[in-house]
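Letters go in sequence order (proteins before strands), and every chain restarts at 1. Being a predicted model, the structure only gives us computed values, none of them experimental.
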2 protein chains.
Amino acid sequence: MEKSIKRRTTMNRMQVTGLELFYKNGYYNTSVDDILKELSLSKGAFYYHFDSKEDFFIQIIEQLVVRKIYSMLIEPIEGHEHTLDLITNCFENALETAVHNELDYGFVLSNFIGEFNGRNPEVMKHLNEILRIWEVTLVSAVQRGKFNGHIDRHVDAEGVAVYLMSSFIGIRTLMVETAPSARKYRFMSQLRQYFKSIEVKQSSF
Amino acid sequence: MEKSIKRRTTMNRMQVTGLELFYKNGYYNTSVDDILKELSLSKGAFYYHFDSKEDFFIQIIEQLVVRKIYSMLIEPIEGHEHTLDLITNCFENALETAVHNELDYGFVLSNFIGEFNGRNPEVMKHLNEILRIWEVTLVSAVQRGKFNGHIDRHVDAEGVAVYLMSSFIGIRTLMVETAPSARKYRFMSQLRQYFKSIEVKQSSF
DNA sequence: GAATTAACCGACCATTGGGTCAGTTAATAG
DNA sequence: CTATTAACTGACCCAATGGTCGGTTAATTC
């Protein structure tokens, strides 16, 4: 019976609140006390469960962020036919949560990359790992599309993946402050436009 | 003789070093002392010239960041003909500095947006202002292209602008850690692909 | 060359933040 | 019922940080 229910519950409460605050205020701008105050818990409780603030954060990434990103950005793309439709829907859904100002894991990702890049290699290792998996997923999705005859066979799958990741990360940054809904709509239109340009032309005669 | 030479020189030195460190370590993770140590100057000197750390930062944005972004991302686009070529070249150049790990103002921008969003409205005001100008520049560039007959007249200029900004901000984030040169190359290829899809088809008969 | 002032020094202050630890409480085992 | 242990408390430590202020130095002015 490794790790009792109570222990797990408390750790999870801390992680959930921690992620919320880290997302809102940034890692370096959120103190352990801030999180504890929110939960009416003490310093002792925190350091009983976690080794350090950094250890705490890495566990948040592994427990919460990775899983959520998997279910939002990875799994939905691992379907079979009509790759580009899958990706379109996936982005559509992921951005919709952003419109409603929910805790959005796509942005959490690019946010944290910005904050830790060049400062904390340990944390970056974990964030890069997520990016890598996302990239691999997209690349093989595109290759599948080429194989299935939906995507032009001259298309560079790696290129498409990088372009998709870029635009997604970027639109998430842009949606944070100004007119998220309008920007989402415009973004999705252009994404479809771009997709049309790499599709196999059905009737070009 | 408002603001003597000496004053200006010292302030500028502080700002340049400040931006460097803010870029490298983030705003909240860079102390005033860090900057001062670099320059062998004292606390007194700093608070003689600036009201606060925040005031200091805002002046950096206005003096250094805004101007640099103007010259890198705004002015090069304000040419006349062949809009899409202008934008392509502009992005190409801007990303090239990133490859060489130079202090890159495009990324500075998205970096700081991530750090200040929802935390410091005063600073965000300035950052959003830059984004707004960039957006306006891109929108009118596209409209010019439509007018000149280089861009398909059905194209949504605002949409293209948002899409371009997104992808640029995103690729800058992605280029920071992994294979910047390869990613830049792939990105530019896909950008050209996308541009082809909104160009006026020269010979569609 | 005395007076004024711009530019700068560095000791000091209050607060914050990560982390420690001796001790308390509550559940569980024997 | 007692002993043990898991879970948690909160006072304390210490280094760092933004900011203050009285004082010094060097350039300018008269």
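Using a 4.0 Å heavy-atom distance criterion, Thr9(B) is classed as making no nucleic acid contact.
Residue His49(A) places none of its side-chain N or O atoms closer than 4.0 Å to OP1 or OP2 of dA6(D). The phosphate of dA7(C) has neither OP1 nor OP2 within less than 4.0 Å of any side-chain N or O from Thr10(B). Residue Tyr48(A) places no side-chain N or O under 4.0 Å from the OP1 or OP2 atom of dC8(D). When the side-chain nitrogen and oxygen atoms of Ser52(B) are compared with OP1 and OP2 of dG18(D), none of them lie within a distance under 4.0 Å. Between Tyr47(A) and dG19(C) there is a side-chain polar atom (N or O) within less than 4.0 angstrom of OP1 or OP2.
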Where do N or O atoms of nucleotides 23-30 of chain D meet protein N or O atoms at under 3.5 Å, pair by pair?
none

(message) Run the salt bridge (Lys or Arg N to Asp or Glu O under 4.0 Å) test on Glu129(A) and Arg132(A) for me, step by step, so that the C-alpha distance in whole Å, both residues' side-chain angles and the decisive distance to 0.1 Å come before the verdict.
(response) CA-CA 5 Å; Glu129(A) 180 62 14; Arg132(A) 222 207 70 238; 2.9 Å; yes
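With respect to the salt-bridge test (charged N to carboxylate O, under 4.0 angstrom), the residues Glu92(A) and Lys184(A) qualify. Using a 4.0 Å cut-off between charged nitrogen and carboxylate oxygen, Glu122(B) and Lys125(B) count as a salt-bridge pair.
Between Phe56(B) and Phe50(B), the two ring planes are perpendicular [angle over 60°; tilted spans 30° to 60°]. Ring pair Phe57(A)/Phe22(A) is perpendicular by interplanar angle, where above 60° counts as perpendicular and below 30° as parallel. Ring geometry for Phe116(B) versus Tyr28(B): interplanar angle of 30 to 60°, hence tilted.
Here the C1' atom of nucleotide dG18(D) and the CG atom of Asn29(A) are 13 Å apart, to the nearest Å.
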Which side-chain N or O atoms in residues 175-182 of chain A pair as donor and acceptor under 3.5 Å with protein atoms at least two apart or in another chain?
| residue | atom | partner | partner atom | Å |
| --- | --- | --- | --- | --- |
| Glu177(A) | OE2 | Asn128(B) | ND2 | 3.4 |

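A donor-acceptor contact under 3.5 angstrom links the side chains of Ser31(B) and Asp34(B), judged on distance only.
Taking the six-membered ring for Trp, Phe168(B) and Phe91(B) have ring centres closer than 6.0 Å.
A heavy atom closer than 4.0 Å to some atom of DNA chain C occurs in Ser40(B), Leu41(B), Ser42(B), Lys43(B), Gly44(B), Ala45(B), these being the qualifying members of residues 35-46 of chain B.
Among the nucleotides dA6(D), dG18(C), dC8(C), the one closest to any side-chain atom of Ser31(A) is dG18(C).
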